[in-house]
Amino acid sequence: MGRSEFGVMTVRVRFAPSPTGHVHIGNIRAAIFNWLFARHRGGEFLLRVEDTDLERSTDEAKETLREAMAWLKLDIDGEVMHQSQRRTAHLAAAGELEASGAAYALPSEAGKGAAVCFRMPWMADVYEPVGPAHLTVHPDVPVTISHAGVQYAMVSKKGKPVEESGCLAGFKGLRLFDADDHCLYDLGAQPDTVLAGKAEFTVEHVVRMEFERRQVVFEDLIKGRMTKPLDGIKDLVIVRSSGAPVFHLANVCDDAVQEITHIVRGDDHVENTFRHVLLFAALGHTPPVYAHLPMIVNAQGKPYSKRDGDAYVGDFKARGFDPDALFNYLTLLGWAPGDDREKLSREDLVSIFTLERVRSAPSQMDLKKLAHMNGLYLAELPLETFMASARTELAKHDWGREVDEKLFREVCALLQSRTQLYPDVAVWKYFFSDELEYDPKGVRKFLQKEGVVQMLTALRQRLADVDFEENAVESLIHEIERENEIKEGKLNQPIRVAVTATPIGAGLYETMVLLGRERVLTRLDYAIANLCDREEQSSP
RNA sequence: GCCCCCUUCGUCUAUCGGCUAGGACACCGGGUUCUCAUCCCGGAAAGAGGGGUUCGAUUCCCCUAGGGGGUGCCA
């Protein structure tokens, strides 16, 4: 089982999504943790597409799955397994279980075949005794005992019968009593005839049952020691009456043939695990080590559902997130390195990631924090990389489709460090288009002030002659400020609003130079004529 | 109903019996800067509640509450 030549177990993990619809953020987080674990341990990360549900599985979903994984750089080892192609092997396994008596056929319904059910074995390594159990039973509902399990009714608080059932193995030493405390039934220590399906019992007027409770135990790397009483576990349908293998069978068989050593999956599978470990054993395999990841919940603290449209991996790409930033952020959901580091490279993460440090409480996404982290990542992207994404984003605007390459590059270089999300580049419009929408607050605050029009006019006239580069432009502006006896820098914001239509942006002198003399002069003219308060037509 | 699991600032988290409970995002103040962002400094903000165990509990145990998962011939 995946042993290297040194006798050290080689880790083999898998990501096993079912390709029905888009890849969910919770799914991809499971993929990320599997990948990190595999890379940390120098093991292998496999992909298994669980496409047995032919009705709902689509090629498109498979495609978006591969896209999402490629985008997040989750490289896989070995061949991709398609579960639908393993149907014969799954059915063969079911046949073996049935032949050995580990599984049994359910009574077939009219017109259908017989479903196959895996019986929780009578004895197993993972069972441990927990002592005697005494249950109160509702006398109106008869107790039935068969190789398929025990059915009975408990008594609700209101005295109503509540139907319950469990596997036969859960009721070792079962004894049933009536109201007079007579023992009506005794399963005995060795219920061979019942197990063999040679005897079934229906017992009436039972008020009390006793048995030796046992529980199933497995060790979870994240949640610790997990236990569940066997009498609360039911036998498991592994083949439908239609003849199709059920998820549980397929999943366990494939994990066995792929020699998976660790199963890292969502919390929602813990209940399955109690039965899967027994299925592994019945199939002649040692169960893998399990690690159940906590769920990711939405901003309302509720589990993500189809309604939370923003939970698909593809949407994060579309909304301008960087894959490395998302990767890093997701890594911090339910896991932390143990110190104060948060921004961690892939290499760092691979070297320090352990499943033992995963928390077991659900965590919710914080888009603000993700955006912040995205800004950190965008700021340090190589210019070319940033430009490529920015160009794609710009092309979503009609003014951004055909831009001057040289100008585009310079704008990117200037504004990259102030971009948090790619859609933010929409504010760059003033560099590429002359159709400006002036920020009304900016206009009011900076242009419609006394004296501004004169200073802008002076600036406009003398700008025509000056060398159009940063230092010269800055000196000229300062000159005008001195002449008008205002503080150095005071004129910057009025100029900014006049030439960029917004009060926020990068350094003004650089911005002006990038805009170019012609545009700056035209816009100053426009502002002087249309946006500033003119003295002669000042308010009543 | 029953079973399994979870519970530290609004959010993500640190803490593995000694805590003036640390960090990050968001928020609020101040500084730097021509604006914004960055950056720097500061502030407000948490152990669900109740019982134990202990010299000492956020840390261990129990109960309650709240939340999640499961209870399919779905995966």
K.L.:
Quote, to the nearest angstrom, the P distance that separates B:U38 from B:A45.
P.N.:
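The same atom, P, in both gives a distance of 24 Å.
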K.L.:
Which listed nucleotide (B:C2, B:A14, B:C25) is nearest to the side chain of A:D366?
P.N.:
B:C25
K.L.:
Rounded to whole angstrom, note down the C1' distance from B:U15 over to B:U59.
P.N.:
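These two C1' atoms come out 8 Å apart once rounded.
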K.L.:
How would nucleotides 66-75 of chain B be written as a contact map, 5' to 3', with B for base contact, S for sugar-phosphate-only contact and - for no contact, using protein heavy atoms under 4.0 Å?
P.N.:
-SSBSSSBSB
K.L.:
Does the plane of the ring in A:Y290 sit parallel, tilted or perpendicular to the ring in A:F280? Use 30° and 60° as the thresholds.
P.N.:
perpendicular
K.L.:
Could you tell me whether A:M373 contacts a base, only the sugar-phosphate backbone, or nothing, with contacts defined as non-hydrogen atoms closer than 4.0 Å?
P.N.:
nothing
K.L.:
Whole angstrom is fine here: how far is it from CG in A:N298 over to P in B:C12?
P.N.:
12 Å
K.L.:
Any donor-acceptor pair under 3.5 Å between the side chain of A:K369 and the base of B:A24?
P.N.:
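Side chain to base: pair present.
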K.L.:
For atom P, what is the distance between B:C19 and B:A65, given to the nearest Å?
P.N.:
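My reading of the P atoms in B:C19 and B:A65 gives 34 Å.
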K.L.:
Touch check for A:L332, heavy atoms < 4.0 angstrom, all strands: base, sugar-phosphate only, or nothing?
P.N.:
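If one applies the 4.0 Å heavy-atom cut-off, A:L332 turns out to touch the sugar-phosphate alone, with no base involved.
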K.L.:
Is there a side-chain polar atom (N or O) of A:S417 under 4.0 Å from OP1 or OP2 of B:A37?
P.N.:
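No, because none of the side-chain N or O atoms of A:S417 sits under 4.0 Å from OP1 or OP2 of B:A37.
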K.L.:
Between B:C12 and B:U53, how far apart are the two C1' atoms, rounded to whole Å?
P.N.:
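It comes out at 33 Å once rounded to the nearest Å.
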K.L.:
Please tell me whether A:D254 and A:Q83 have a donor and an acceptor in their side chains that are separated by less than 3.5 angstrom.
P.N.:
yes
K.L.:
Can the positive tip of A:K343 be found less than 6.0 Å from the middle of the six-membered ring of A:Y377, inside 45° of the ring normal?
P.N.:
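Yes.
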K.L.:
Among the nucleotides B:U35, B:G22, B:A14, which one has an atom lying closest to any side-chain atom of A:A336?
P.N.:
B:A14
K.L.:
On the six-membered ring of A:F446, is A:R444 placed so that its NZ or CZ lies under 6.0 angstrom from the centre and within 45° of the ring axis?
P.N.:
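Verdict for A:F446: no cation-pi partner in A:R444.
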K.L.:
May I ask you to say what A:G338 touches in the nucleic acid, namely base, sugar-phosphate or nothing, with a heavy-atom cut-off under 4.0 Å?
P.N.:
sugar-phosphate
K.L.:
More than 12 heavy atoms of other residues, nucleotides or ligands under 6.0 Å from CZ of A:R519: is that the case?
P.N.:
yes
K.L.:
Report which part of the nucleic acid A:G442 touches: base, sugar-phosphate, or nothing (heavy-atom distance under 4.0 Å, all strands).
P.N.:
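No contact.
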K.L.:
A:T227 near the nucleic acid: base, sugar-phosphate alone, or nothing, with a heavy-atom cut-off under 4.0 Å?
P.N.:
sugar-phosphate
K.L.:
Is any side-chain heavy atom of A:T144 closer than 4.5 Å to a side-chain heavy atom of A:Y152?
P.N.:
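When only atoms from C-beta onward are counted, A:Y152 and A:T144 do not touch, as no gap falls below 4.5 Å.
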K.L.:
Please state the P separation for the pair B:U32 and B:G23 - nearest whole angstrom.
P.N.:
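The answer is 25 Å between these two P atoms.
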K.L.:
OP1 or OP2 of B:U13 versus the side-chain N and O atoms of A:R341: is any pair under 4.0 Å?
P.N.:
no
K.L.:
Applying side chain to side chain donor-acceptor pair (under 3.5 Å) as the test, list every pair that has at least one member in residues 238-247 of chain A; sequence neighbours left out.
P.N.:
none
K.L.:
Have A:N328 and A:T331 got a donor and an acceptor in their side chains that come within less than 3.5 Å?
P.N.:
no
K.L.:
With both distances kept under 3.5 Å, what pairs with B:C27, Watson-Crick or G-U wobble?
P.N.:
B:G43
K.L.:
What nucleotide among B:G1, B:A26, B:C12 has an atom nearest to a side-chain atom of A:H372?
P.N.:
B:A26
K.L.:
Parallel, tilted or perpendicular: which describes the rings of A:F274 and A:F218, with under 30° parallel and over 60° perpendicular?
P.N.:
perpendicular
K.L.:
For A:A506, which contact category applies under a 4.0 Å heavy-atom criterion: base, sugar-phosphate, or nothing?
P.N.:
base
K.L.:
Who does B:A65 pair with, Watson-Crick or G-U, both distances under 3.5 Å?
P.N.:
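Partner of B:A65: B:U7.
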K.L.:
So what does A:E342 hit on the nucleic acid, given a heavy-atom distance under 4.0 Å: a base, only sugar-phosphate, or nothing?
P.N.:
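Touches a base.
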K.L.:
Report the residue (A:D340 or A:L376) whose heavy-atom-nearest nucleotide on RNA chain B is the more 5′ of the two.
P.N.:
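Per heavy-atom nearest nucleotide, the more 5' residue is A:D340.
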K.L.:
Any base atoms under 4.0 Å from A:E164, or only sugar-phosphate, or nothing? Heavy atoms, all strands.
P.N.:
base
K.L.:
What is the pairing partner of B:G1, taking Watson-Crick or G-U wobble pairs with both distances under 3.5 Å in any strand?
P.N.:
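Paired with B:U71.
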K.L.:
If you go through the side-chain atoms of A:R359, does one of them form a donor-acceptor pair with the base of B:C6 closer than 3.5 Å?
P.N.:
no
K.L.:
What is the nucleic acid contact for A:S360, judged by heavy atoms within less than 4.0 Å: base, sugar-phosphate only, or nothing?
P.N.:
sugar-phosphate
K.L.:
Taking the same atom, C1', in B:C27 and in B:U11, what whole-Å distance lies between them?
P.N.:
12 Å
K.L.:
With a non-hydrogen cut-off below 4.0 angstrom, is A:R225 in contact with a base, only sugar-phosphate, or nothing?
P.N.:
nothing
K.L.:
Using the P atom as the reference point in each nucleotide, state the distance between B:C5 and B:C62 in Å, no decimals.
P.N.:
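Straight-line distance between the two P atoms is 11 Å.
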